[in-house]
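Read the structure below first, then the notes.
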Amino acid sequence: MIPWRVVPVVMLLSATTPASAMADDAIDAPLTGRPGDPARGERLVADRPKSLCTLCHTGPFPAPHLHGSIAPDLAGVGRRLTEGQIRLRVADMKRLNPASIMPAYGRPADDDPQRRVAAAWRGRPILDDGEIEDLVAYLVTLKE
Amino acid sequence: MTRGGRAVGVTAAALLAGGVAGAADVEPDARRSGADFMAPETRAMQADDASNPGMLWVLEGERLWAEPAGPEGRACATCHGDAARTMRGVAARYPAFDNGSDRPVDLAGRIDQCRQARQGAPPLARESDPLLALTAYVAHQSRGMPVAPPGDTRLDPFRENGRRLFQQPLGQLGLACANCHDERWDGRLGGAPITQAHPTAYPLYRLEWQALGSLQRRLRNCMAGVRAEPLPFGAPELIELELHLMQRAAGMPMETPGVRP
């Protein structure tokens with residue numbers, strides 16, 4: 001389950017030739033080895049208590065009056081970013097920007113006791129790899 | 001931070017510059033009560049005592065203030081007389097240092113202490129209606145007065161811990177109070193305005209609760225929201241957070257009982 005989280009970075013750091021900036025900025029292969037389902041991804045974004053996306057983001061989603069305003073608009077994200085770039089951002093935004101407020105969806109929260117992670121969520125990522133793939137499959141379709 | 005700067009048109013660069021490390025308090029001139037973020041109808045409900053549901057608890061508190069309790073039948077009023085005079089400005093100074101426990105105590109904690117030690121009456125549970133009513137009644141006596149945190153230097157280490165806790169990433173989402181309330185108070189989280197987290201209107205009536213609730217209840221809600229285990233009512237850390245919040249709000253007018261959505 002973990003390889004992409006560690007191995008690609010290590011490989012890039014130890015490579016003798018400079019790695020392309022793109023590779024550093026993306027996870028190119030599906031986390032589950034196969035593509036997700038865009039229709040399920042669409043439902044997941046609309047499922048606010050589960051995905052939490054629209055707590056922060058606006059986008060071409062239902063109930064715009066319940067969208068937050070503290071993250072970039074996701075309209076057109078499939079035009080701005082490649083599939084692999086979107087995958088990295090959803091799975092682990094903090095790898096790109098450690099100070100980002102966007103949670104790393106694909107790995108469990110740090111178990112530092114000061115964080116007081118609620119028992120129900122301890123050791124668990126917010127979404128599983130299949131759900132992240134569904135989101136990626138949906139977000140790449142947002143071209144405008 | 002200027003209002004609007006963080007709203008919808010945020011750039012990635014602006015967000016990259018964020019993060020808790022450089023978090024600063026809301027600038028004094030930019031400070032605004034949570035009431036300022038509300039719909040006009042909700043503001044009107046708070047402003048008019050006849051329609052403010054929190055006044056029901058204030059009235060109940062007034063009754064309890066004069067009601068004898070404990071084996072010797074002493075009421076709050078037996079020692080403190082007319083609250084309009086003796087309790088004026090008190091809530092604006094809390095939490096305060098408690099010599100007995102060598103720690104800060106908040107207003108609800110002090111009221112319960114008086115009840116047990118001076119009235120010899122059974123304790124009142126945190127968040128119980130009688131304790132909320134008495135706290136609201138006492139805090140109401142400071143309505144309109146500026147928040148005035150005590151200069152007592154024994155409070156400093158506790159206040160400092162409150163400031164540190166405010167910056168601590170919490171829960172599965174790893175968000176700190178400061179991420180929302182110092183850095184993004186001009187934004188919305190889902191449908192709700194984030195606000196600056198000023199404690200000036202507590203205890204307050206929250207439409208969502210259909211009841212009066214304490215500041216600690218509100219803080220526990222925010223903790224649960226980021227999927228953290230909320231600190232238990234009365235926890236020392238909650239009182240330290242209250243100290244920090246009152247310091248951030250120094251000089252702002254007390255509003256108890258507030259109304260919030």
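Letters go in sequence order (proteins before strands), and every chain restarts at 1. Just so we're clear, the structure is a prediction, and the values are computed from it rather than from any experiment.
To the nearest 0.5 angstrom, A/Ile101 atom CD1 is 4.0 Å from B/Arg184 atom CZ. With rounding to the nearest 0.5 angstrom, the CG atom of B/Leu189 is 11.0 Å from the CG atom of A/Leu66. Here the straight-line distance linking atom OG of A/Ser69 with atom CD1 of B/Ile194 works out to 6.5 Å at 0.5 Å rounding.
For the set A/Ala104, A/Ala118, A/Ala109, the count of heavy-atom pairs under 4.5 angstrom toward chain B peaks at A/Ala118. Ranked by heavy-atom pairs under 4.5 Å with chain A, the list B/Gly190, B/Gly191, B/Pro193 is led by B/Gly190.
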Self-check item: Candidate pair B/Glu229 and A/Arg122, rule salt bridge (Lys or Arg N to Asp or Glu O under 4.0 Å), full reasoning
Solution: CA-CA 10 Å; B/Glu229 208 63 72; A/Arg122 229 167 278 154; 3.6 Å; yes
Practice problem: Check the pair A/Leu52 / B/Arg227 against side chain to side chain contact (heavy atoms under 4.5 Å, CB included), numbers first and verdict last. | Solution: CA-CA 12 Å; A/Leu52 313 170; B/Arg227 300 184 175 176; 3.9 Å; yes
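At a 4.5 Å heavy-atom cutoff, A/Pro113 makes no contact with chain B through either its backbone or its side chain. At a 4.5 Å heavy-atom cutoff, the contact between B/Leu173 and chain A is made by backbone and side-chain atoms alike. Within the 4.5 angstrom heavy-atom criterion, only backbone atoms of B/Pro230 (N, CA, C, O) approach chain A.
No donor-acceptor pair under 3.5 Å is formed between the side chain of B/Gln172 and the backbone N or O of A/Gly123.
Shown here for B/Arg188 and A/His65, the closest heavy-atom pair between the two residues is NH1-O, 4.0 Å. Across every non-hydrogen atom of B/Ala228 and A/Arg115, the tightest pair is CB-O, 4.0 Å. Here the shortest heavy-atom pairing between A/Arg116 and B/Pro232 reads NH2-CD, 4.4 Å. A/Gln114 and B/Leu170 get closest at one heavy-atom pair: O-CD2, 3.6 Å.
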